[in-house]
Amino acid sequence: MQLRWPTLQFKQRPAFYAGVVFFIVALLALLWAGLKIADWVQGQQSAPVRQVRLYGDFHHINATQLHQTLQQQYVGNFFSVNVDQVQQFLLQQPWVYQVAVRKQWPDALVVVVTEQQPVAVWNQQQLLNQQGDIFEAPLQQLKTELPQLTGPQGSQQDALTMFRHMQGLLALHKFNAVALGLTERFSWQLKLSNGIALQLGRDDTLKRLQRFIELYPVISKHKADAVAEVDLRYDTGIAVRYSTEQKRKA
C-alpha cells in the first residue's frame, strides 16, 4: 500500500494560504469599518440642531416670537439638547397647556404646543380653562370677552359648573349671563347681559333662577324704568329693585 500524504499536503497549501489571506483581509476590513463607524459616531455627537419645527393652533400665543426664542436657546448639539428641559421651559410660558417635544433626525427639534382655552376670568386676575383649572396669562391678550367668575379660594370649579348650568337654562329663554359670584357664605349672585343682578342664595339655586324666568314678563311689563336687581331668596315672592326706585317685594 502506497502513502500519498506529501502530495495531499502540497495540494492543500494554496487553499490554506488563500484562507489565511481572506481572513486577514476580512479582519482588516472589519477594523477599517469599525474606525469609520467610530469616526461617524463621533461626528454625529457634535451634530447640531439646525431648526426648530413648531406646531399648534395658536390664538393667544405669538408663534413667531416663541419660535425665535426656541431657536435662540435650543439650537445646538443634537444629542445634548434635553427634551425634558425644553418641555419644562414651554410649560412655564403663558397660554401653554400641554407640550410634546421630540428630536427628528438628522437636525430638527419638533415641538407641538396645545394652547390653553380660556372660558372665564377668575377673581378679576386669573383665568379658567375648560377643565376649571386656574392659569396665569395676560388678560389684555384675550381675544373675546369672557364671563367674570368670583369666589373664595378653591371654589373655581364649583363656580364654573354652576355657571354652565345657569347659562344653559337661561339660553333656553333668550337670556345671557355675564358674571357669577359666590360669597364667603356660599350665596350665589348672578348678573345678566341686560344689566339685571339676581340674588339667588345658597339653596335651590336653579329653581329660583327658573322662577325669575317665569316672572320676568310680569316684573318688566309696563315699567318705564329698567329692572336693576331681583332678590329671589324669599320662600314666597320676590323683591325687585328698579333703576330709579328702592327695592320692593312683589
Side-chain angles (χ1 to χ4, degrees), residues 56-63 65-66 88-99 113-210 212-213 216 226-233 238-244 246-247:
D57 186 13
F58 301 118
H59 298 280
H60 300 94
I61 294 175
N62 187 325
Q65 182 177 347
L66 181 59
Q88 290 303 314
F89 167 77
L90 288 168
L91 288 174
Q92 295 172 3
Q93 305 307 305
W95 299 110
V96 174
Y97 177 55
Q98 290 179 333
V99 177
V113 174
T114 302
E115 191 177 278
Q116 290 275 16
Q117 297 184 24
V119 296
V121 177
W122 176 246
N123 285 336
Q124 301 178 340
Q125 296 180 341
Q126 298 171 307
L127 292 164
L128 298 181
N129 62 19
Q130 291 183 328
Q131 292 73 37
D133 299 324
I134 296 174
F135 69 96
E136 305 280 349
L139 300 184
Q140 63 271 21
Q141 294 180 0
L142 286 170
K143 302 297 183 181
T144 58
E145 193 166 343
L146 298 177
Q148 301 281 332
L149 306 185
T150 58
Q153 183 178 1
S155 63
Q156 67 275 3
Q157 293 191 350
D158 291 335
L160 181 59
T161 299
M162 180 61 76
F163 181 82
R164 285 170 169 167
H165 288 322
M166 291 181 176
Q167 185 73 303
L169 180 59
L170 290 167
L172 295 174
H173 303 277
K174 310 303 180 183
F175 290 100
N176 182 51
V178 295
L180 176 65
L182 180 63
T183 68
E184 294 291 339
R185 295 184 177 182
F186 297 97
S187 179
W188 295 102
Q189 301 171 343
L190 185 67
K191 185 175 181 180
L192 306 182
S193 59
N194 57 10
I196 299 176
L198 304 180
Q199 300 292 339
L200 297 167
R202 299 180 55 176
D203 304 317
D204 298 325
T205 309
L206 294 178
K207 289 183 179 179
R208 292 173 177 177
L209 183 59
Q210 180 64 45
F212 162 77
I213 293 171
Y216 181 74
V227 177
E229 182 180 359
V230 180
D231 192 338
L232 296 133
R233 293 173 293 181
I238 60 175
V240 182
R241 181 174 63 85
Y242 295 89
S243 58
T244 59
Q246 296 296 320
K247 183 183 294 186

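Quick caveat: nothing in here was measured; it's all calculated off a predicted structure. Start at 1 with the first residue, then count along the sequence.
One finds the CD1 atom of Ile134 at 6.0 Å from the CG atom of Leu128 (value rounded to the nearest 0.5 Å). Atoms OG and CG, on Ser155 and Asn123 in that order, are 7.0 Å from each other to the nearest 0.5 Å. For the atom pair CZ (Phe175) and CG (Leu209), the distance works out to 9.0 Å, reported to the nearest 0.5 Å. Note: Thr114 OG1 to Phe58 CZ = 9.0 Å, rounded to the nearest 0.5 Å. One finds the CD atom of Gln125 at 12.0 Å from the OG1 atom of Thr150 (value rounded to the nearest 0.5 Å). Residue Tyr216 holds its OH atom at 15.0 Å from NZ of Lys174, rounded to the nearest 0.5 Å.
Judged by distance alone, with hydrogens and angles left aside, the side-chain atoms of Asn194 form a donor-acceptor pair with the main-chain N or O of Ile196 at under 3.5 Å. The main-chain N or O of Leu170 is never found under 3.5 Å from a side-chain atom of Asn176 such that the two would form a donor-acceptor pair. Side chain of Gln167 to main chain of Ala177: a donor-acceptor pair is present (N/O by atom type, distance under 3.5 Å, no hydrogens or angles).
A donor-acceptor contact under 3.5 angstrom links the side chains of Glu115 and His60, judged on distance only.
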> Could you walk me through whether Leu66 and Leu90 pass the side chain to side chain contact (heavy atoms under 4.5 Å, CB included) check?
Replying inline: CA-CA 9 Å; Leu66 181 59; Leu90 288 168; 3.7 Å; yes
>> If you apply the rule side chain to side chain contact (heavy atoms under 4.5 Å, CB included), what do you find for Leu172 with Ile213, and how did you get there?
In response: CA-CA 10 Å; Leu172 295 174; Ile213 293 171; over 6 Å; no
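Of all non-hydrogen atoms in Gln117 and Gln130, the two that sit nearest each other are OE1-NE2, 3.2 Å. Looking at every heavy atom in both residues, Leu169 comes nearest to Leu206 through CD2-O, 3.8 Å. Counting all heavy atoms, side chain and backbone alike, Leu160 lies closest to Gly132 at CD2-CA, 3.6 Å. Taking each heavy atom of Gly201 and Ser187 in turn, the nearest pair found is CA-OG, 3.3 Å. Of all the heavy atoms in Leu127 and Pro118, the pair that sits closest is CD2-CB, 4.4 Å.
Counting heavy atoms from C-beta outward, Asp158 and Phe186 have side chains that stay 4.5 Å or more apart. The side-chain heavy atoms of Gln148 and Val121, taken from C-beta on, include a pair separated by under 4.5 Å. Here the side chains of Arg233 and Arg208 are in contact, with some heavy-atom distance below 4.5 Å. In this structure, the side chains of Asp133 and Gln157 come closer than 4.5 Å at one or more pairs of heavy atoms. Residues Gln93 and Val113 fail the side-chain proximity criterion, which asks for heavy atoms closer than 4.5 Å.
In Gln124, the CD atom is not crowded: 12 or fewer heavy atoms of neighbouring residues, nucleotides or ligands sit closer than 6.0 Å.
Residue pairs meeting the ring pair (Phe, Tyr, Trp, His ring centres under 6.0 Å) criterion with at least one member in residues 121-170, sequence neighbours excluded: Trp95-Phe135.
Between Met166 and the choices Thr161, Leu198, Leu192, Leu180, the side chain to side chain contact (heavy atoms under 4.5 Å, CB included) rule is met once, by Leu180.
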